[in-house]
Amino acid sequence: MATFALVDCNNFYASCERLFRPNLKTRPVVVLSNNDGCVIARSQEAKAIGIGMGAPLFKIRDVVEEHGVAVCSSNYALYGDISERVMTLLGSNAPNHEVYSIDECFLDLDNLGVPDLSDWCRNLRQKTYKWTGIPVSIGVGPTKTLAKLANRLAKRSIKSGGVIDLVHHPEWIEPALRKTPIGDVWGVGRRWSQMLEERGITTAHDFAHAEDGWIRKKMGVVGLRTAHELRGYVCHALDDQPQPKQTTCCSRSFGETVRDKDQVHDALMSFAERAAEKVRRADQVAGAMQVFIRTDPFNPNAAQKSLSGSVSFDHPTNDARAIAGAATRILNRIWREGFAWKKAGVLLLDLAANGTAPLSLFDAVAPKDDGLMNAMDTINQRYGRGSIRLGLAGKDQNWRMRRENLSPSFTTKWADLACARMV
DNA sequence: TCTGGGGTCCTAGGACCC
DNA sequence: TCTGGGGTCCTAGGACCC
């Protein structure tokens, strides 16, 4: 039998915000989405006073005021760096591991050669807290889906000490399935849980005992795999060598709607540049790209429009100039006057490892000019993103994100380094 | 007034081929 | 009046994840 562990950081973004700001330790903390729109992470105290996931900031102003809630704009430079530290530590303790998201990691605990796995997990949990300052919970199960489920219960149970092991306590599996609502099962989202509830399937236990043919018909092979995993049959293996990305995207909602083409263009140039940088960092090139712009779907009074266009590159590229140029041509092609644009984005598609992209028929050698891009990346890495850019930025930047409560980049910017003072 | 961004996988349907 | 069956490739859309 396989043994998977899921290590999940507790309230990750809120925990990161607290790391370098001890004065937040005793206050409820929430972290906001881009443009400071809605709540995407909450500390335990913030959950306790009833702040919901996804709550728009304007709706919780009163609660914030009343309880002295610390409100933070999201700071992904900080979270990404802290995440790396946690993952490195986990990886050094369990060589077979899969970094699943910014705050989650699956471990393969087979062949680890430890006498008491639950004990080992509790140690790992303490070590992670001591070394990184981030509290984690650990769920252990015979499949990834059951490890996830165990993790969720570990987070909720005080007496579990942050660890629940369903592999060495198989008698816990059935009660665990019974007390997990169907919508909290990994792989069952909002649509499916509504559909299942309407048919009386309200818990993980109900779903695990539903009929295969019916599940297959209603939810395809994806849903069937989830059901099998709940029964203890492995359908999702540990993926410790993740495949390179096939697409990458840089998109944003604007701080304010924008009607002016130059400003939309300016935003797209910035996205194109950033997307190209991501692809260079992965040592890939893009074979095609897509640009989209759209109005605000939440505003019922505004005329709605969603436009997009794409191109293929003759020579797959990661050069910001080529990508920005293509984005400009696409925008010129799709642009329509008279709409209040709210969001735009650049997608780079058909990504391939740099150097392996096939040459086009008439090429002797692929064109190569990496010097300038390398220099830009080096400067931006050293002095902070945006230190050097293509000379395209316009003056009006209404599309820029609102980030009114941004914490310092404690670990990724020299200027933001925390200072300790002897008293 | 206000409502994120970045991904993956699967399926259905159309175009096209033999 | 009759108009197959099976395959591939591509795209759009829908489900999910964090």
Side-chain angles (χ1 to χ4, degrees), chain A residues 6-9 11-13 30-41 52-62 64 71-76 79-80 83 87 98-106 144-145 148 151-152 182-196 215-226 229 235-236 239 242-257 271 274-275 278-279 282 287-288 290 292 294-302 306 308 310 312 340 342-351 401-404:
Chain A
L6 175 67
V7 182
D8 191 325
C9 300
N11 316 321
F12 183 57
Y13 297 168
V30 298
V31 178
L32 302 176
S33 62
N34 284 340
N35 290 317
D36 292 345
C38 58
V39 173
I40 57 169
M53 188 66 173
L57 178 60
F58 75 95
K59 276 192 183 164
I60 58 166
R61 285 277 184 210
D62 293 347
V64 167
V71 176
C72 307
S73 303
S74 42
N75 181 347
Y76 287 99
Y79 313 149
S83 171
M87 299 307 168
E98 172 190 348
V99 176
Y100 177 67
S101 74
I102 195 165
D103 70 335
E104 285 172 276
C105 188
F106 284 106
K144 282 180 163 181
T145 306
K148 269 271 200 189
N151 186 291
R152 173 180 169 280
I182 185 63
D184 286 343
V185 171
W186 188 44
V188 179
R190 224 187 47 244
R191 302 301 282 266
W192 281 353
S193 73
Q194 192 191 340
M195 182 275 290
L196 290 167
I215 299 174
R216 175 71 178 82
K217 200 172 82 203
K218 289 288 185 186
M219 305 163 71
V221 295
V222 180
L224 196 53
R225 279 183 200 138
T226 297
E229 285 241 319
C235 300
H236 301 294
D239 185 11
Q243 295 304 300
K245 271 189 220 158
Q246 301 162 39
T247 65
T248 202
C249 168
C250 185
S251 71
R252 291 283 179 283
S253 295
F254 300 149
E256 298 167 24
T257 57
F271 303 156
R274 175 82 187 99
K278 282 192 203 173
V279 169
Q290 190 189 344
F292 72 86
R294 69 163 165 75
T295 52
D296 184 358
F298 297 107
N299 183 352
N301 303 318
S306 178
S308 73
S310 52
S312 296
K342 179 61 179 175
K343 182 173 180 173
V346 169
L347 290 85
L348 294 180
L349 315 167
D350 298 343
L351 300 185
M401 279 196 283
R402 283 193 297 269
R403 293 208 286 182
E404 289 169 5

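Just so it is clear, the model here is predicted, and its values are computed rather than measured. The chains referred to below are lettered A, B, ... by the order of the sequence lines, with proteins before strands, and numbering in each begins at 1.
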Problem set entry | Polar side-chain atom of A/K278 near backbone of A/C249 as donor-acceptor pair, under 3.5 Å | yes
Exercise. NA contact type, A/K148, heavy-atom cut-off 4.0 Å: base, sugar-phosphate, or nothing?
Worked result: sugar-phosphate
Exercise. Going from NE2 on A/H236 to CH2 on A/W186, what distance comes out if it is rounded to the nearest 0.5 angstrom?
Worked result: 5.5 Å
Problem set entry | Flag, side chain of A/T247 to backbone of A/L348, donor-acceptor distance under 3.5 Å | no
For this session: Look at A/E229 together with A/K148 and state whether they make a salt bridge at an N to O cut-off of under 4.0 Å.
Result: no
Exercise. Looking for any heavy atom pair under 4.0 Å, which part of the strands does A/D103 touch: base, sugar-phosphate only, or nothing?
Worked result: sugar-phosphate
Problem set entry | Value rounded to 0.5 Å, distance of CG in A/D103 from OH in A/Y13 | 7.0 Å
For this session: Would you mind classifying the nucleic acid contact of A/V185 as base, sugar-phosphate or nothing, using non-hydrogen atoms under 4.0 angstrom?
Result: sugar-phosphate
For this session: Describe the nucleic acid contact of A/R225 in one word from base, sugar-phosphate, nothing, applying a heavy-atom distance below 4.0 Å.
Result: sugar-phosphate
Problem set entry | Residue met sooner reading DNA chain B from 5', once A/K343 and A/G220 are mapped to nucleotides | A/K343
Exercise. Where does the chain A footprint on DNA chain C start and end, counting 5' to 3' with a 4.0 Å heavy-atom cut-off?
Worked result: C/dA15 to C/dC18
Seminar exercise, completed: When A/V222 and A/F298 are each assigned the nearest nucleotide of DNA chain B, the 5'-most assignment goes to A/F298
Problem set entry | Pairwise side-chain contact, A/F12 with A/E104, heavy-atom cut-off 4.5 Å (strictly under) | no
Exercise. Stem ranges for DNA chain B, with three or more consecutive Watson-Crick or G-U pairs under 3.5 Å?
Worked result: B:5-18 with C:5-18
Exercise. Using a cut-off of 4.0 Å on non-hydrogen atoms, how would the nucleic acid contact of A/K245 be classed: base, sugar-phosphate, or nothing?
Worked result: sugar-phosphate
Seminar exercise, completed: Scanning both residues in full, the closest heavy-atom pair of A/D350 with A/A288 reads OD2-CB, 3.9 Å
Extract all donor-acceptor atom pairs below 3.5 Å that involve side chains of residues 216-223 of chain A and protein atoms in other chains or at least two apart in sequence.
none

For this session: Using a heavy-atom cut-off of under 4.0 Å over every strand shown, decide if A/K218 touches base, sugar-phosphate, or nothing.
Result: nothing
Problem set entry | Interatomic distance at C1', C/dG4 relative to B/dC16, whole Å | 16 Å
Exercise. Rounded to the nearest 0.5 Å, how far does CD of A/Q194 lie from CD1 of A/I182?
Worked result: 13.5 Å
For this session: Mind checking A/S74 for me? I need base, sugar-phosphate or nothing, with any heavy atom below 4.0 Å counting as a touch.
Result: nothing
